[in-house]
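These notes concern the structure reproduced below.
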Amino acid sequence: MMTVCVFSGTGNGNRFVSALLSRAEAGAVRLSLHVFCATEYGAEIARNEIGEGRALMHYGRLDEEGMLEKLREIKPDYVIDCTHPYAEIVTKNIKSACEKASFPFRRLRRSAALHPAEN
């Protein structure tokens with residue numbers, strides 16, 4: 001089983017998670033997916049867009065230490081940052097936590113100019 005943690009909270013992040021789950025299901029890959037959102041509302045939107053029960057949802061703002069604690073608990077094979085392009089501190093904290101715990105980190109990049117009002 002592959003375990004992936006996705007820090008999301010945007011429509012693009014939710015679409016990425018849905019696509020990842022669909023690819024895993026089509027390829028008969030067992031995937032344990034953890035989606036992290038800053039707010040309960042963001043997690044609710046993600047759950048609605050992704051589909052109930054397809055991923056383990058976590059919500060609540062985490063600092064670097066909180067992220068590190070969660071990642072060490074979950075032990076993911078990959079950590080994907082799908083947060084908003086302007087969430088620079090969050091990205092820095094995710095990357096730093098991954099470096100400290102030696103978890104592979106990837107950033108889903110998109111232009112901030114494409115969706116300036118999206119949170």
Side-chain angles (χ1 to χ4, degrees):
M1 173 169 314
M2 179 178 288
T3 301
V4 178
C5 289
V6 177
F7 287 83
S8 187
T10 67
N12 282 349
N14 294 340
R15 286 185 289 281
F16 171 79
V17 168
S18 292
L20 182 61
L21 285 164
S22 293
R23 297 275 313 242
E25 290 164 358
V29 174
R30 293 184 57 217
L31 180 65
S32 173
L33 187 60
H34 295 258
V35 178
F36 289 84
C37 298
T39 66
E40 184 176 8
Y41 178 67
E44 181 181 327
I45 290 172
R47 190 177 299 110
N48 290 337
E49 289 183 17
I50 295 164
E52 186 70 40
R54 294 183 76 203
L56 297 166
M57 303 301 297
H58 305 265
Y59 65 87
R61 298 186 192 282
L62 297 171
D63 60 11
E64 181 184 334
E65 286 304 312
M67 291 174 184
L68 185 58
E69 182 179 322
K70 289 287 187 185
L71 293 176
R72 284 184 171 150
E73 179 182 307
I74 295 167
K75 298 180 180 78
D77 295 295
Y78 292 97
V79 177
I80 313 294
D81 177 4
C82 293
T83 59
H84 194 279
Y86 293 142
E88 295 170 0
I89 293 172
V90 175
T91 293
K92 178 181 157 270
N93 287 341
I94 297 166
K95 187 174 183 178
S96 180
C98 287
E99 287 171 355
K100 287 180 179 178
S102 299
F103 293 119
F105 168 85
R106 299 289 182 267
R107 171 88 173 121
L108 179 70
R109 295 179 189 264
R110 66 183 173 98
S111 170
L114 292 177
H115 304 284
E118 186 177 299
N119 295 349

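Values reported hereafter were calculated over all heavy atoms of this structure, with side chains retained and with hydrogens, waters and symmetry mates removed. Numbers here are sequence positions counted from 1.
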(message) Through direct or indirect side-chain contacts below 4.5 angstrom among Ile, Leu, Val, Met, Phe, Trp and Tyr, which residues connect to Val79?
(response)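 Result for Val79 is Phe7, Phe36, Leu62, Met67, Leu71, Ile74, Val90, Ile94, Phe103, Phe105.
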(message) Listing request: all salt bridge (Lys or Arg N to Asp or Glu O under 4.0 Å) pairs with a residue in residues 17-46, at least two apart in sequence or in separate chains.
(response) Glu25-Arg54
Measure the spacing between [atom1] of [X] and [atom2] of [Y] and express it to the nearest 0.5 Å.
| X | Y | atom1 | atom2 | result |
| --- | --- | --- | --- | --- |
| Cys5 | His58 | SG | NE2 | 6.5 Å |
| Arg107 | Asp81 | CZ | CG | 4.0 Å |
| Asn93 | Glu88 | CG | CD | 12.0 Å |
| Leu108 | Leu20 | CG | CG | 11.0 Å |
| Glu64 | Lys100 | CD | NZ | 3.5 Å |
| Ile80 | His34 | CD1 | NE2 | 13.5 Å |

Is there a path of hydrophobic side-chain contacts, each under 4.5 Å between heavy atoms of I/L/V/M/F/W/Y residues, joining [Y] to [X]?
| X | Y | result |
| --- | --- | --- |
| Ile45 | Phe16 | no |
| Leu21 | Met57 | yes |
| Leu33 | Met2 | yes |

(message) Using a 3.5 Å distance criterion without hydrogens, assess whether the side chain of Asp77 forms a donor-acceptor pair with backbone atoms of Thr3.
(response) yes
If you define the side chain from C-beta out and look only at heavy atoms, does anything of [X] sit under 4.5 Å from [Y]?
| X | Y | value |
| --- | --- | --- |
| Cys82 | Asn12 | no |
| Val4 | Pro76 | no |
| Glu99 | Lys95 | yes |

(message) Is it the case that atom CD1 in Ile89 sees more than 12 heavy atoms from other parts of the structure closer than 6.0 Å?
(response)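 Incorrect, the count does not exceed 12.
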(request) Count the heavy atoms of every other residue, nucleotide or ligand shown that sit under 6.0 Å from CD of Glu49, and state whether that count exceeds 12. (result) yes
(request) Write down the atom of Thr83, the atom of Thr10, and the distance for their closest heavy-atom approach. (result)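 For Thr83 and Thr10, the tightest heavy-atom pair comes out as C-CG2, 4.1 Å.
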(message) If the condition is side-chain contact (heavy atoms from CB on, under 4.5 Å), which residues does Asp63 pass it with, not counting sequence neighbours?
(response)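 Expected list: Glu65.
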